[in-house]
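Shown next, in structure tokens, is the structure this report addresses.
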Amino acid sequence: PGSSWQLTGRSPLSLPKPTYNSNKTGKVVVTIVVNAQGQVIEATPGAKGTTVTDAALYAVARDAAKKAKFSENANKDKQIGTITYNFIIK
């Protein structure tokens, strides 16, 4: 799936794509909380803009988001942002 992100003042160092085998399509927006070291410490799928309610897509989106890594920012611990995953049929 394609992905995009929003986290003010930071750049992604790693944005893994979800691994899935499904014929479901749609968009899952994951709210993320990133610590000062750039690690995603919380990931909650289903934020505003999400177009599906499929639990399996939520799970793989959450797992991929938790593996993402962003640039460090010592002044921003627990910064909130989003990662959006667009799932399409392969």
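Start at 1 with the first residue, then count along the sequence.
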For residues 66-81, the side chain to side chain donor-acceptor pair (under 3.5 Å) pairs (sequence neighbours left out) are Arg10-Gln79
Measure the CD1-OG1 distance between Ile80 and Thr31 for me, rounded to the nearest 0.5 Å.
-> 8.0 Å
Can I get a per-line list of side-chain donor-acceptor pairs under 3.5 Å for residues 34-43, giving both atom names and the distance, sequence neighbours left out?
from  : atom 1 : to    : atom 2 : distance (Å)
Asn35 : OD1    : Gln37 : N      : 3.0
Asn35 : OD1    : Gly38 : N      : 3.1
Asn35 : OD1    : Gln39 : N      : 2.9
Asn35 : ND2    : Gln37 : OE1    : 3.3
Asn35 : ND2    : Gln39 : OE1    : 3.2

State yes or no: do Leu15 and Val33 share one hydrophobic cluster built from I, L, V, M, F, W and Y residues joined by side-chain heavy-atom distances below 4.5 Å, directly or via other members?
-> no
Does any non-hydrogen side-chain atom of Trp5 lie less than 4.5 Å from one of Val30?
-> no
Are any of the side-chain heavy atoms of Pro18 and Phe87 separated by less than 4.5 Å?
-> yes
Sequence-distant partners of Thr8, side-chain hydrogen bond (donor to acceptor under 3.5 Å, both in side chains), two or more places apart = Gln6
Side-chain polar contacts of residues 45-65 - donor-acceptor pairs under 3.5 angstrom, sequence neighbours left out - could you list them?
from  : atom 1 : to    : atom 2 : distance (Å)
Thr50 : OG1    : Val29 : N      : 3.0
Thr50 : OG1    : Ala47 : N      : 3.4
Thr50 : OG1    : Ala47 : O      : 2.8
Thr51 : OG1    : Lys27 : N      : 2.7
Asp54 : OD1    : Lys24 : NZ     : 2.9
Asp54 : OD2    : Ala56 : N      : 3.2
Asp54 : OD2    : Leu57 : N      : 2.9
Tyr58 : OH     : Val52 : O      : 3.1

For residues 29-40, pull every pair meeting salt bridge (Lys or Arg N to Asp or Glu O under 4.0 Å), keeping only residues two or more places apart or in separate chains.
-> none
Can you measure from CD1 (Ile83) to OG (Ser3) and round to the nearest 0.5 angstrom?
-> 7.5 Å
